[in-house]
Each structure stands twice: as structure tokens, then as C-alpha cells.
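Being a predicted model, the structure only gives us computed values, none of them experimental.
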Amino acid sequence: MEKAIFFDRDGVINREIGNYVCKLEDFELLPDAIECISIARENGFRGFVITNQGGIQKGLYTESDLHSFHQVLKEKCLEKGLSIDEIFYCPHHPVAGNCICRKPDSLMLEKAVAKYRINVEDSVMFGDTERDMEAAKKVNIRGILVQPNEDKISLLKKEILRIKNK
């Protein structure tokens, strides 16, 4: 079984701008994003992004636009010899009805856990909303609530140490 760090996207990996990230020029990685991925990898953790992207269903941007944003993240990781295992996203929005993949539901996390054989007891989810914490709790992953755009390096190191010392 593998251990993993799950990251919400907006406000955790890239800057939360208070509205949907609809254009590439608005997709700004946070200063600690790549270092957090590096620290996780150096300590034997898989790395995932778990993100609601309801702006797709609302017609604010397309899945192609979303893939362009994520390509920026992947390229910045590659520049440092890193990778994200997978980016799971929900394109749905509650205006069109409920779905089970959109956080606070947990289908994206469940898919990652099953596909990559993740040990939930040795894994952590970093998110900046209660819905991130609810999704993590539903699959018994420890959730760490951070403020949007907050530096997470010390919290990440503390969680990795906690898991290693179990």
C-alpha cells in the first residue's frame, strides 16, 4: 500500500483569486506549491490534486482550458524533476444537480485510493475549505485545513513526521 498527499487546487496549489480561474494568465502557482510536491516525493509519498471545477459546467471555461492550466503545473514540476501522479477534477456544478464526485462528496478521492492502492491511514489531504475536509473524512484520510494561499511547508513537514513516527 502507498501513502499519499492530496492537495486541493485553488488556494492550495495555485492562487485563490476569489472567483473562477477562467484564463491561463489567472492561473498562478503559489510560491510553495512545487516545494510541497518535492517534499512529499522525497519522503516517499504519491502526490495528487483533487479539485472541483464547476466553472466547466457553468460554461465559464472548457475542459481544454482546464488541461492548459494543469499543463502549467506539470511543466513546472518537470523542471524540478517532479511529477504529480494524477489530477482528479469534477466538472459539475450544483446548479445542474448533485453529483458524487464533487467535494464534499468523495468519489475523486475514492478513485485515487483504489487506482493507486493508497493506505488512507498514512495519507493527508490539504484543503482550504470545509468541503475538502468533509471529502477527506468520508474516506478516512486526515484533513488539514489551511487558509487560502497560505504557505504549507511547515504543516506538510509536520504531517510527514507524524506519519513516519506512527
Side-chain angles (χ1 to χ4, degrees), residues 2-93 101-104 106-116 118 123-129 131-133 135-136 139 141-157 159-160:
E2 304 270 353
K3 52 191 175 182
I5 306 290
F6 297 93
F7 299 99
D8 174 49
R9 198 193 79 177
D10 299 329
V12 177
I13 292 293
N14 62 281
R15 186 160 308 284
E16 172 63 61
I17 61 172
N19 207 345
Y20 291 94
V21 175
C22 300
K23 299 179 286 189
L24 193 55
E25 57 265 23
D26 293 333
F27 186 74
E28 176 190 351
L29 293 179
L30 290 171
D32 69 332
I34 303 302
E35 187 171 352
C36 283
I37 294 165
S38 178
I39 291 167
R41 292 301 208 180
E42 288 169 3
N43 285 279
F45 287 78
R46 287 189 170 270
F48 300 95
V49 175
I50 307 289
T51 180
N52 287 345
Q53 293 299 316
I56 294 170
Q57 187 159 44
K58 290 178 87 174
L60 300 173
Y61 52 93
T62 66
E63 287 197 54
S64 178
D65 294 329
L66 181 69
H67 293 301
S68 295
F69 307 152
H70 293 167
Q71 191 59 37
V72 169
L73 172 59
K74 291 174 183 177
E75 288 172 4
K76 292 293 183 185
C77 285
L78 282 175
E79 288 173 10
K80 302 289 185 180
L82 302 169
S83 66
I84 296 282
D85 285 289
E86 193 165 342
I87 299 172
F88 291 87
Y89 67 93
C90 171
H92 308 115
H93 193 277
C101 59
R102 183 177 173 83
K103 295 177 288 180
S106 58
L107 186 59
M108 291 184 285
L109 285 163
E110 291 172 35
K111 285 181 176 181
V113 166
K115 182 176 180 179
Y116 293 92
I118 301 301
S123 298
V124 178
M125 168 83 182
F126 283 86
D128 64 340
T129 65
R131 71 177 166 241
D132 297 320
M133 301 301 98
V139 291
I141 293 174
R142 181 176 165 86
I144 305 296
L145 183 64
V146 298
Q147 294 300 308
N149 308 327
E150 177 183 356
D151 186 292
K152 296 156 293 304
I153 292 172
S154 63
L155 289 171
L156 177 62
K157 288 179 177 178
E159 285 304 306
I160 289 171

I'd like to know if the side chain of Lys103 and the backbone of Ile50 have a donor-acceptor N/O pair within less than 3.5 Å. yes

Between the side chain of Ser106 and the main-chain N/O of Ala135, is any donor-acceptor distance below 3.5 Å?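 Flag not set: sc Ser106 to bb Ala135 has no pair under 3.5 Å.
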
Take Asp132 and Thr129 through the test side-chain hydrogen bond (donor to acceptor under 3.5 Å, both in side chains) and record every step on the way to the result. CA-CA 5 Å; Asp132 297 320; Thr129 65; 3.0 Å; yes

Atom of [X], atom of [Y] and distance for their closest heavy-atom approach:
X      : Y      : answer
Gly11  : Asp128 : CA-OD2, 3.5 Å
Ile118 : Ser123 : CG2-OG, 3.2 Å
His92  : Cys101 : ND1-SG, 3.4 Å
Ser83  : Ile37  : O-CG2, 4.0 Å
Gly127 : Met133 : N-CE, 3.6 Å
Ile34  : Cys77  : CD1-SG, 3.8 Å

Any side-chain heavy-atom pair of [X] and [Y] under 4.5 Å:
X      : Y      : answer
Phe69  : Val72  : no
Ile153 : Cys36  : yes
Val139 : Met125 : no
Ile5   : Phe48  : no

Per-pair distances, 0.1 Å, donor-acceptor, side chain in residues 20-29, under 3.5 Å, sequence neighbours excluded:
unit_1, atom_1, unit_2, atom_2, d
Tyr20, OH, His93, NE2, 3.2
Glu28, OE1, Arg15, NE, 3.3
Glu28, OE2, Arg15, NE, 3.4

What's the verdict on side chain to side chain contact (heavy atoms under 4.5 Å, CB included) for Phe45 and Ile160, showing C-alpha distance, side-chain angles and the deciding distance? CA-CA 9 Å; Phe45 287 78; Ile160 289 171; 3.8 Å; yes

Counting only heavy atoms not in Glu2 (residues, nucleotides, ligands), do more than 12 fall under 6.0 Å from its CD?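 Check passes, neighbour count above 12.
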
Using the salt bridge (Lys or Arg N to Asp or Glu O under 4.0 Å) criterion, which residues pair with Lys152? Sequence neighbours excluded.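 Lys152 satisfies salt bridge (Lys or Arg N to Asp or Glu O under 4.0 Å) with Asp32 only.
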
For Glu159, enumerate each residue passing the salt bridge (Lys or Arg N to Asp or Glu O under 4.0 Å) test, keeping only those at least two apart in sequence or located in another chain. Arg142, Arg162

Would Leu82 and Leu78 count as a side chain to side chain contact (heavy atoms under 4.5 Å, CB included) here? Give the steps. CA-CA 5 Å; Leu82 302 169; Leu78 282 175; over 6 Å; no

Walk me through whether Leu73 and Ile87 qualify under side chain to side chain contact (heavy atoms under 4.5 Å, CB included). CA-CA 10 Å; Leu73 172 59; Ile87 299 172; 4.2 Å; yes

Which salt bridge (Lys or Arg N to Asp or Glu O under 4.0 Å) pairs, counting each pair once, include a residue from residues 74-90, with sequence neighbours left out? Arg41-Asp85, Arg46-Asp85, Glu86-Lys115

Between [atom1] of [X] and [atom2] of [Y], what distance do you get to the nearest 0.5 Å?
X     : Y      : atom1 : atom2 : result
Thr62 : Ile56  : OG1   : CD1   : 7.5 Å
Glu16 : Asp8   : CD    : CG    : 8.5 Å
His70 : Ile13  : NE2   : CD1   : 10.0 Å
Ser38 : Leu156 : OG    : CG    : 10.0 Å
Gln71 : Ser64  : CD    : OG    : 11.0 Å

Tell me every residue that passes side-chain hydrogen bond (donor to acceptor under 3.5 Å, both in side chains) with Asn52, counting only those two or more places apart in sequence or in another chain.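 Partners of Asn52 under the side-chain hydrogen bond (donor to acceptor under 3.5 Å, both in side chains) test: none.
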
List the residues meeting side-chain hydrogen bond (donor to acceptor under 3.5 Å, both in side chains) with Asn14, not counting sequence neighbours, and say none if there are none. Arg9, Asp10

With ring centroids as reference points, do Phe88 and Phe6 lie under 6.0 angstrom apart?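 Phe88 vs Phe6: aromatic centres not under 6.0 Å.
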
Assess the pair His67 and Tyr61: is the distance between their ring centroids shorter than 6.0 Å? no

Set out, in order, the CA-CA distance, both residues' side-chain angles and the distance that settles side chain to side chain contact (heavy atoms under 4.5 Å, CB included) for Thr51 and Cys90, then state yes or no. CA-CA 7 Å; Thr51 180; Cys90 171; over 6 Å; no

